[in-house]
Amino acid sequence: MPDRYWQLMIPASADSAEGLTNFLWELGALGVVEEESGGTAQLRAFFADPCDLDTLHARVREYVDSLTMLGFTLLGPPHIGPITDEGWAEAWKAHFRPRPVGRRLIVAPPWSTPPPHGRLVIVIEPGRAFGTGHHGTTAGCLEAVEAIVERDAPATAIDLGTGSGILAIAAARLGVVRIFAVDDDPDAVAAALTNAARNRVCDRVRCVLGEAGAIDAEPAQLVIANLLSAAHRRLAERYARLVLPGGSLVLGGILDSEADDVATIAAKAGFRREAARSLEGWTTIELRRAPQRVDERRRATIHDRA
Ligand code: SAH
């Protein structure tokens, strides 16, 4: 557990609250709570120490200024302070309740692991890495992974941008035998390693520091990438190299309005859209790479023999 937490408080109007909330999540908030009083909302976002408070403050100011220029009503500047009151620290913890996801999973923090009741408990420490299961993108990817594992039982997977390791760990618990997890943030890799150990799946999940666009992993039957749409546009060709023919690709972190565009780009790289789910404004797309054609298969066999 980090031993200190910060809270950023900012008043927000109805039209700006959603954008601001998403922005605070993107900045690495562990949780964002919206409190309403008298028609105005106050957002409270929680960050773990160490946290670069000056940069955080500057980025939120910059975002608020840009919203104001676009004509949104904002009611005041952000304020950042430590959470000193024990009561608040407990209230923050209470925000992370066990969350059932899909049909078979439940994601829980270490201080509140529920009895399984037939579900697989995935224990994730809310730390500095993204991925507690409480964000629509993560929950959408978990549901997609669960559905694909149930249908195809892939033995191998790659998790690009693993964050807390949550998707790789869930894949392992669901039965995927070997998962290669990568993140370009050393804090995320450290968190993913700790969480993998906590869930006893170190023998199945390999976590490495690296850039998704540069990794040279063996192609897998399932590739998961909960990144942002811009990254999917850039990485589409790389996905085609990492997913085995006939294998699945799960793309998350896509705003609903961007989903068609991302699916079109993936189609150009050889993927067919199989399903899409939207949660809290974020779309997760399930795609499948075309199976190898018979003539290609024959050519590959001849090549192998040569
Ligand atoms: N998979 C987790 C975390 C998603 S957040 C979940 O679903 O909740 C995205 C993560 O991807 C972050 O940890 C970020 O550090 C990492 N990331 C972003 N761009 C990346 C890139 N180009 N290469 C590797 N990791 C990247």
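Both counts, for ligands and for their atoms, begin at 1 and track the order of listing.
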List the steps and the verdict of side-chain contact (heavy atoms from CB on, under 4.5 Å) for I122 and R173. CA-CA 8 Å; I122 313 292; R173 297 292 314 279; 3.6 Å; yes
Test side-chain contact (heavy atoms from CB on, under 4.5 Å) on L53 and F47; report intermediate values, then the result. CA-CA 10 Å; L53 298 181; F47 295 86; over 6 Å; no
As a quick check of understanding, evaluate salt bridge (charged side-chain N to carboxylate O under 4.0 Å, His left out) for R234 and E211, giving each step before the final call. CA-CA 12 Å; R234 190 167 53 81; E211 153 64 36; 3.5 Å; yes
Would R288 and E274 count as a salt bridge (charged side-chain N to carboxylate O under 4.0 Å, His left out) here? Give the steps. CA-CA 7 Å; R288 192 186 280 277; E274 298 247 293; 3.3 Å; yes
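Atom CD1 of I124 sits about 13.5 Å away from atom CZ of R99, to the nearest 0.5 Å.
For CD of E280, the number of neighbouring non-hydrogen atoms (other residues, nucleotides, ligands) closer than 6.0 Å is greater than 12. Summarising the local packing, CZ of R273 is surrounded by more than 12 heavy atoms from other residues, nucleotides or ligands at distances under 6.0 Å.
Residue G210 has at least one heavy-atom neighbour below 4.0 Å for each of these atoms of ligand 1: 23 (N), 24 (C). Those atoms of ligand 1 that come under 4.0 Å of a heavy atom in G163, given as number and element, are 3 (C), 13 (O). Under a 4.0 Å criterion applied to the non-hydrogen atoms of D185, ligand 1 contributes the atoms 15 (O). Annotation for ligand 1: atoms under 4.0 Å from non-hydrogen atoms of I166 are 6 (C), 8 (O).
Residue, atom and distance of the protein heavy atom nearest to atom 14 (C) of ligand 1 are D183 OD1, 3.5 Å. In terms of protein heavy-atom proximity, atom 7 (O) of ligand 1 is nearest to N226 ND2, 2.8 Å. Given atom 5 (S) of ligand 1, the protein heavy atom at minimum distance is F130 CD2, 3.4 Å. Remark: minimum distance from atom 25 (N) of ligand 1 to any protein heavy atom is reached at D184 N, 3.1 Å. Of the protein's non-hydrogen atoms, the one nearest atom 23 (N) of ligand 1 is A212 N, 2.8 Å. Nearest protein neighbour of atom 8 (O) of ligand 1, counting heavy atoms only, is T138 OG1, 2.7 Å. Here the heavy atom of the protein found nearest to atom 22 (N) of ligand 1 is E211 OE1, 3.0 Å. The shortest contact between atom 11 (O) of ligand 1 and any protein heavy atom is with G161 CA, 3.1 Å.
For L227, every heavy-atom contact with ligand 1 shorter than 4.0 Å involves the side chain, none the backbone. For T162, every heavy-atom contact with ligand 1 shorter than 4.0 Å involves the backbone, none the side chain. In L167, the part holding a heavy atom less than 4.0 Å from any atom of ligand 1 is the side chain. Contacts between E26 and ligand 1, counted as non-hydrogen atom pairs separated by less than 4.0 Å, are absent for every part of the residue.
The shortest separation from a heavy atom of G252 to ligand 1 is not under 4.0 Å, leaving the residue out of contact. In this structure, R234 is part of the shell of residues with a heavy atom less than 4.0 angstrom from ligand 1.
Not a single donor-acceptor pair under 3.5 Å links the side chain of R103 to the backbone N or O of A147. Proximity of a side-chain donor or acceptor of R204 to a complementary backbone N or O of V176 within less than 3.5 Å is detected. A side-chain donor-acceptor contact under 3.5 Å links H232 to the backbone of G252.
Between S164 and ligand 1, no pair of N/O atoms sits closer than 3.5 Å.
Taking the six-membered ring where the residue is Trp, H135 and W282 present tilted rings, their angle falling between 30° and 60°.
Counting heavy atoms from C-beta on, the side chains of V60 and L24 come closer than 4.5 Å.
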